[in-house]
Amino acid sequence: MKTLLIVHHSMTGGTRQMAVAAAEGARTEPMLQVRSLQAQQAQPADLLQADGYLFATPENLAAIAGLMKDFFDRCYYPALGRIEGRPYAVMVCAGSDGSSAVRQVERIATGWRLKAVAPALIVCTHAQTPEAILAPKVIAPEELARCQELGAGLAAGMGLGVF
């Protein structure tokens, strides 16, 4: 049985909701185990034991969240050369456009030689004031459905051996 590892960080709840929806979608694939870990809990061994990845992060100051960066920093060299070719996808909960956070994850994934299997999914909350940025987020049902579809698609491809 293959394993999909979802690594996420969420400070205001938006990214967590996205990761939960993606995990729900992925769990529809019977030949796949889904593990979801907060970034600060994920270790190099978790990456090595998984067959595919979904990275979910908020956009903070036009970059990935610090705890996601910490996860990548801690795991990068222990996983380097050992996870090449594995599929991955990325989701970003953004206050503006999220593209810089996506590019940052893509650069890290390129270094690991991972295979992107879906376009990055960016959910924009339009939070632009300090109050809106720090407020708990509620992701719209249609956006959560997109996250669920991404999880299901990634899982189906892994389960069928397409990637």
Side-chain angles (χ1 to χ4, degrees), residues 1-10 12-39 41-59 63-65 67-69 71-72 75-76 79 82-126 137-163:
M1 182 175 286
K2 292 185 177 180
T3 300
L4 171 63
L5 176 64
I6 300 173
V7 179
H8 60 92
H9 171 66
S10 188
T12 61
T15 308
R16 184 183 71 254
Q17 293 167 59
M18 294 168 62
V20 167
E24 288 172 359
R27 288 190 175 103
T28 62
E29 173 56 48
M31 299 306 297
L32 188 79
Q33 175 186 8
V34 179
R35 294 189 64 217
S36 184
L37 295 174
Q38 292 181 14
Q41 297 171 321
Q43 300 298 319
D46 298 308
L47 281 172
L48 297 173
Q49 293 166 5
D51 301 289
Y53 313 101
L54 180 55
F55 303 117
T57 183
E59 170 195 53
I64 62 176
L67 286 175
M68 282 299 290
K69 177 71 165 67
F71 155 74
F72 286 122
C75 296
Y76 190 80
R82 301 173 71 187
I83 59 174
E84 293 177 358
R86 295 180 189 179
Y88 87 96
V90 60
M91 300 187 306
V92 174
C93 185
S96 57
D97 75 355
S99 61
S100 293
V102 168
R103 281 194 304 278
Q104 192 174 9
V105 173
E106 289 172 344
R107 285 192 309 268
I108 293 164
T110 296
W112 271 336
R113 309 285 191 275
L114 298 177
K115 179 182 176 186
V117 296
L121 192 157
I122 299 172
V123 172
C124 187
T125 65
H126 304 286
K137 304 297 181 287
V138 177
I139 304 301
E142 61 272 13
E143 297 290 3
L144 293 176
R146 291 177 55 215
C147 299
Q148 193 170 21
E149 289 170 12
L150 177 60
L154 179 55
M158 289 177 65
L160 292 171
V162 174
F163 36 79

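Treat the numbers as computed from the prediction; the structure is a model and nothing was measured.
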Inset, instruction - Check whether any side-chain heavy atom of L37 lies under 4.5 Å from a side-chain heavy atom of F71, and answer yes or no. - result: no
Legend entry - E29 CD to L160 CG distance, which is reported to the nearest 0.5 Å: 6.0 Å
Legend entry - Y76/I108 under side-chain contact (heavy atoms from CB on, under 4.5 Å): CA gap, chis, key distance, verdict: CA-CA 8 Å; Y76 190 80; I108 293 164; 4.1 Å; yes
Inset, instruction - Measure the shortest side-chain to side-chain distance between D97 and E59 over non-hydrogen atoms and say whether it is less than 4.5 angstrom. - result: yes
Inset, instruction - With rounding to the nearest 0.5 Å, note down the distance linking CG in L114 to CZ in F163. - result: 13.0 Å
Inset, instruction - Would you indicate whether the side-chain heavy atoms of M68 and V7 approach each other to under 4.5 Å? - result: yes
Legend entry - Closest non-hydrogen atom pair between P58 and H9, with its separation: CD-O, 3.1 Å
Legend entry - Sidechain-backbone polar pair: T15 side chain, A56 backbone, donor-acceptor under 3.5 Å: no
Legend entry - Beyond-backbone contact of T3 with Q49, side-chain heavy atoms, under 4.5 angstrom: no
Inset, instruction - Flag the pair F55 / E106 as yes when at least one side-chain heavy-atom distance between them is below 4.5 Å, and no otherwise. - result: no
Legend entry - Pairwise side-chain contact, Q104 with K69, heavy-atom cut-off 4.5 Å (strictly under): yes
Inset, instruction - Enter the distance from Q33:CD to D51:CG here, rounded to the nearest 0.5 Å. - result: 9.5 Å
Inset, instruction - Please report the shortest heavy-atom distance between S99 and I122, naming the atom on each side. - result: N-CD1, 4.1 Å
Legend entry - Rounded distance [0.5 Å steps], CZ in R35 versus CD1 in I6: 11.0 Å
Legend entry - T110 side chain to R107 side chain, donor-acceptor N/O pair below 3.5 angstrom: no
Legend entry - Gap between atom CZ of R103 and atom CD1 of I64 - 0.5 Å precision: 13.0 Å
Legend entry - Heavy-atom closest contact (C93 atom, I139 atom, distance): SG-CD1, 4.0 Å
Legend entry - Over all atoms of both residues, closest heavy-atom pair of R86 and A50: NH1-O, 2.7 Å
Inset, instruction - Can you see which heavy atom on M158 is nearest to which on G52, and at what distance? - result: CE-N, 3.4 Å
Inset, instruction - First locate atom OG1 of T57, then atom CE of M18, and finally report the distance between them rounded to the nearest 0.5 Å. - result: 9.5 Å
Legend entry - Shortest non-hydrogen contact between L154 and A89, atoms and distance: CD2-CB, 4.3 Å
Legend entry - Minimum side-chain heavy-atom gap K115-Y88 below 4.5 Å: no
Inset, instruction - State which residue, out of E142, E143, E149, fulfils the side chain to side chain donor-acceptor pair (under 3.5 Å) condition with R146. - result: E143
